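Just so we're clear, the structure is a prediction, and the values are computed from it rather than from any experiment. Ligands are counted one by one from 1 in listed order, and the atoms in each one are counted from 1 as well.
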Amino acid sequence: NLTTEETTNAKKIRKLVQIPSLSESIPDNIQYLLIGGGTASFSAFRAIKSADPTARVLVISAEGYLPHMRPPLSKELWYGDDTEMAKSLNFHQWNGTSRSLFYEPEPFYTPVEELTTAKNGGISLARGWKVESINVSKKKVKLNDGKEISYDKCLIATGSVPKTLKLYDDANEELKNKFSVFRSISDFEDLWEQLDHIKSIAIIGGGFLGSELAASLANKGKKNGVKIYQIFKEKGNMGKVLPKYLSQWTTEKVRNEGVEVVTETEVENCSLENNKRQVNLKLSNGKNISVDHVIMAVGAKPNTELATDAGLEIDSKLDGYLVNSELQARTDLYIAGDCACFYDKQLGRRRVEHHDHAVISGRLAGENMAGAAKPYQHQPMFWSDIGPSVGYEAIGIVDSSLVTMGVFAKGNHKDPSLLANETDQNTLTNKKETNEELGSKNNETISENDYNKGVVFYLKNDVIVGIVLWNLFNRMSIARQVLKTDRCYKDLNEVAKLFNIHGD
Ligand code: FAD
Ligand code: NAD
Ligand code: NAD
């Protein structure tokens with residue numbers, strides 16, 4: 001078995017795969033240039049090829065892997081019993097079928113050297129290469145070794161990058177080695193390997209990543225005897241998204257998975273201890289914990305490092321490249337996915353860091369690059385799974401500081417009249433008037449089981465702006481329809497009935 005130090009060294013010497021190895025093989029000019037090898041870029045090249053079958057598309061990706069999806073990295077990959085399957089980045093989907101993380105196998109891509117001469121065009125991938133700058137007026141990009149490529153149409157789909165903690169930024173290298181972020185395949189592989197050698201790990205952050213990963217690691221950790229801590233400042237898991245009662249209920253589920261969840265707490269300081277084998281975390285609740293490793297799951301920021309040189313505008317509030325409805329930042333320059341700040345004509349300017357938005361905005365950008373000129377009008381959804389018993393989908397603005405009203409199936413009864421509703425406690429204290437308008441039974445006590453399945457509405461000026469479907473699947477089209485009507489509903493229980501909560 002490797003020690004933690006040896007694992008860290010192995011991680012450092014893992015070399016970035018760079019294919020092709022020399023940039024001379026990469027074309028000097030190209031019809032369609034896609035910057036980024038993530039989901040938005042994948043979706044764009046698929047759309048370009050179907051609109052323009054002989055298109056020549058060059059994808060430049062800073063990652064050493066073929067384009068792939070990220071969601072299973074913090075969920076499905078940790079659950080299967082088959083270690084070899086996980087190592088080969090295959091996983092079982094929710095419906096039992098197996099699937100690869102990679103969107104397309106290697107032979108799908110035309111070798112970069114052949115792209116300009118291939119009779120029917122093709123899609124080529126230069127991986128391990130980074131675009132350093134864009135000259136928007138000359139329609140040229142520069143790679144990290146200085147090579148220039150000119151384009152007819154270009155897409156920036158550079159995604160987002162994990163944020164780090166200030167105490168990490170200020171730490172020395174030795175201490176930094178005990179910390180990691182989690183976003184890529186190599187982060188998954190490193191963590192997978194580490195879990196065989198360590199006895200304790202702390203995840204800092206209570207959002208999507210921290211909550212999904214804590215539950216997943218606890219599942220794997222049970223077999224290896226690894227203790228998992230999750231530390232964050234909110235009152236419960238997903239506290240910024242879920243109403244308080246639901247967030248607290250979810251926290252209990254995460255605890256039941258074996259995670260020691262430390263809420264309303266921040267990490268104030270850290271230092272090496274036990275012969276530098278462990279990190280001591282000094283917490284704002286006065287306690288100290290010692291762990292072998294720390295994962296920072298403290299949010300992501302859009303990757304807009306190409307903006308300054310290119311003179312592209314960044315949204316001052318939401319961050320991300322500002323785009324018009326056709327997802328253009330400039331003529332012949334498109335933006336999609338996490339790094340795009342787009343206008344949602346119903347809900348205002350937004351930036352969305354989720355899979356479905358990457359798929360649909362990437363597809364639209366691709367279609368527009370091939371000449372379609374269509375506006376982005378899709379209302380993106382997202383989903384999350386936190387351990388085996390919490391799965392939800394959501395659409396619109398789901399922010400726990402809004403007024404919320406939830407309707408849940410009572411117990412396990414199939415009788416649709418047995419619904420229990422719940423208004424967020426914050427809402428109860430702050431927004432009594434809204435409660436009365438909703439006519440909800442605020443004081444009804446709902447037993448633990450009652451949050452197993454339901455729907456939560458998020459309201460602004462009494463209009464539904466967001467919906468969470470709690471352990472309730474295949475109803476997203478209804479949610480999308482409800483959101484679209486932009487109406488002030490008198491009785492949300494009636495709206496909840498549309499979702500047929502007891503239906504399956
Ligand atoms: P990314 O996937 O980040 O891809 C960006 C690409 O650009 C990368 O390949 C990067 O290396 C490359 N790049 C960046 N700069 C350059 C450059 N200068 N030159 C060349 N290449 C560059 N969403 C959900 O809805 N549901 C989920 O369950 C879910 N689970 C997730 C789990 C994890 C662990 C993570 C990290 C995210 C999850 N998400 C989920 C969010 C979702 O994966 C992202 O919203 C999505 O990946 C965004 O796609 P993108 O193409 O915009 O960016
Ligand atoms: P997040 O924004 O969901 O959660 C961030 C968490 O870190 C919060 O608990 C916040 O309070 C905490 N935090 C922020 N700054 C902090 C600081 N300085 N000190 C301590 N705590 C701090 O982001 P995430 O969970 O890190 O996710 C990363 C990215 O991956 C996001 O883009 C997210 O959308 C994406 N992701 C999405 C899914 C999904 O859609 N199901 C799953 C995993 C990851
Ligand atoms: P997909 O076509 O595999 O699934 C999308 C549909 O499946 C949605 O309508 C969703 O409501 C339904 N669904 C998801 N989880 C379900 C569950 N546990 N029980 C019943 N129905 C469920 O999605 P895709 O576009 O191929 O997305 C890519 C990845 O996203 C896949 O790995 C897929 O498993 C995953 N995904 C997961 C969830 C989830 O776990 N909640 C939801 C949607 C997609």
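When only interatomic distances are considered, the shortest N/O to N/O separation between H354 and ligand 1 falls below 3.5 Å.
Among protein heavy atoms, the minimum distance from atom 16 (C) of ligand 1 is reached at T158 CG2, 3.6 Å. Looking at atom 32 (O) of ligand 2, its nearest protein heavy atom turns out to be E353 OE1, 2.3 Å.
Contact annotation for H354 and ligand 2: only side-chain heavy atoms (C-beta onward) come within less than 4.0 Å of the ligand. Residue contacts with ligand 2, taken as heavy atom pairs separated by less than 4.0 Å, do not involve K166 at all.
Counted by atom type alone, S98 and Q93 present zero donor-acceptor pairs between their side chains at under 3.5 Å.
Residues Y245 and W249 keep their aromatic ring centres 6.0 Å or farther apart. Within the 6.0 Å centre-distance limit, the rings of F208 and F382 are counted as a close aromatic pair.
Not a single heavy atom of M296 sits less than 4.0 Å from an atom of ligand 2.
Short contacts between ligand 2 and G206, defined as distances under 4.0 Å to a heavy atom of the residue, involve ligand atoms 6 (C), 8 (C), 9 (O).
Here salt bridge (Lys or Arg N to Asp or Glu O under 4.0 Å) pairs that include residues 148-166, with residues two or more places apart or in two chains, are K140-E148, K153-D332, K166-D170.
Annotation: ring pair (Phe, Tyr, Trp, His ring centres under 6.0 Å) contacts of Y321 (sequence neighbours excluded): none.
Nearest residue to atom 24 (C) of ligand 1 from K75, R183, H355 is H355 (criterion: closest heavy atom).
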